[in-house]
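As the structure is a prediction and not an experimental result, all values here were calculated from the model.
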Amino acid sequence: MHIALDEAKQSRRINEVPVGAVLVQDQTVIARTHNKTISLNDPTAHAEILAIREAGKKLNNYRLPGLTLYATLEPCIMCMGALIHARILRIVFGARDLKWGGCGSVYHMENDQRLNHQIQVSSGICEDECRHIIQSFFQHKRKKNG
């Protein structure tokens, strides 16, 4: 999770919403990235999606079974759809997303039996630090914009 937090801090430095994601296989980092929606002019360039893309290229496979995603924020419904399609084994995240959360806060896509894949989820890992980085980012934005 500390690598994901480092990625979130990089995201904040370039004025992106500070979310970081890391994909790990057998304790080896396969992909690490952060949000780039603004810099890439791409609404799908969430940290989780970019990590999936990077891992797919590295592993030469569109399926990523056995991988664990570490993310500073609960994945949204778009990211959850991609994680399910990629067959990710497990998601570990820090802070809940009470507006867009796709694995526990708003929706429960991780264990929806109507879907063809379920994902194990662990939440609240480094929660305070993960929540602080995103909350302070938006507080600063609101102050700046008056």
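In this structure, R142 contributes its side chain and F137 its backbone to no donor-acceptor pair below 3.5 Å. In this structure, T72 contributes its side chain and A4 its backbone to no donor-acceptor pair below 3.5 Å. Checked by atom type and distance alone, the side chain of H117 never pairs as donor or acceptor with a backbone atom of A86 at under 3.5 Å. One N or O on the side chain of E74 and one on the backbone of D97 form a donor-acceptor pair closer than 3.5 Å. In terms of modelled atom types and a separation under 3.5 Å, the side chain of R13 and the main chain of K9 share a donor-acceptor contact. Checked by atom type and distance alone, the side chain of N35 never pairs as donor or acceptor with a backbone atom of T37 at under 3.5 Å.
Distance check: Q139 CD to H132 NE2 gives 8.0 Å after rounding to the nearest 0.5 Å. Remark: N111 CG to Q120 CD distance equals 11.5 Å, nearest 0.5 Å. Distance check, rounded to the nearest 0.5 Å: CG of L67 to CG of L59 gives 6.0 Å. To the nearest 0.5 Å, atoms CD1 (I52) and NE2 (H85) are separated by 10.0 Å. In this structure, CG on L23 lies 9.5 Å from CD1 on I91, to the nearest 0.5 angstrom.
Between the side chains of E16 and S39, a donor-acceptor pair is found at a separation under 3.5 Å.
Pairs engaging residues 51-60 under the salt bridge (charged side-chain N to carboxylate O under 4.0 Å, His left out) rule: D42-R53 [sequence neighbours left out].
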Quiz item: So L69 and F93, side chain to side chain contact (heavy atoms under 4.5 Å, CB included) or not? Walk me through it.
Solution: CA-CA 8 Å; L69 173 82; F93 70 87; over 6 Å; no
Self-check item: Audit row: R87, N116, side chain to side chain contact (heavy atoms under 4.5 Å, CB included) steps and yes/no
Solution: CA-CA 9 Å; R87 306 297 193 268; N116 65 344; 3.0 Å; yes
Quiz prompt | I49/C79 under side chain to side chain contact (heavy atoms under 4.5 Å, CB included): CA gap, chis, key distance, verdict | solution = CA-CA 6 Å; I49 300 292; C79 292; 3.8 Å; yes
Exercise. Evaluate the criterion side chain to side chain contact (heavy atoms under 4.5 Å, CB included) for residue pair C130 and L5; output intermediate values, then yes/no.
Key: CA-CA 7 Å; C130 291; L5 279 161; 3.8 Å; yes
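Follow the hydrophobic side-chain contacts under 4.5 Å out from L89 and you never reach I119; the two are in separate clusters.
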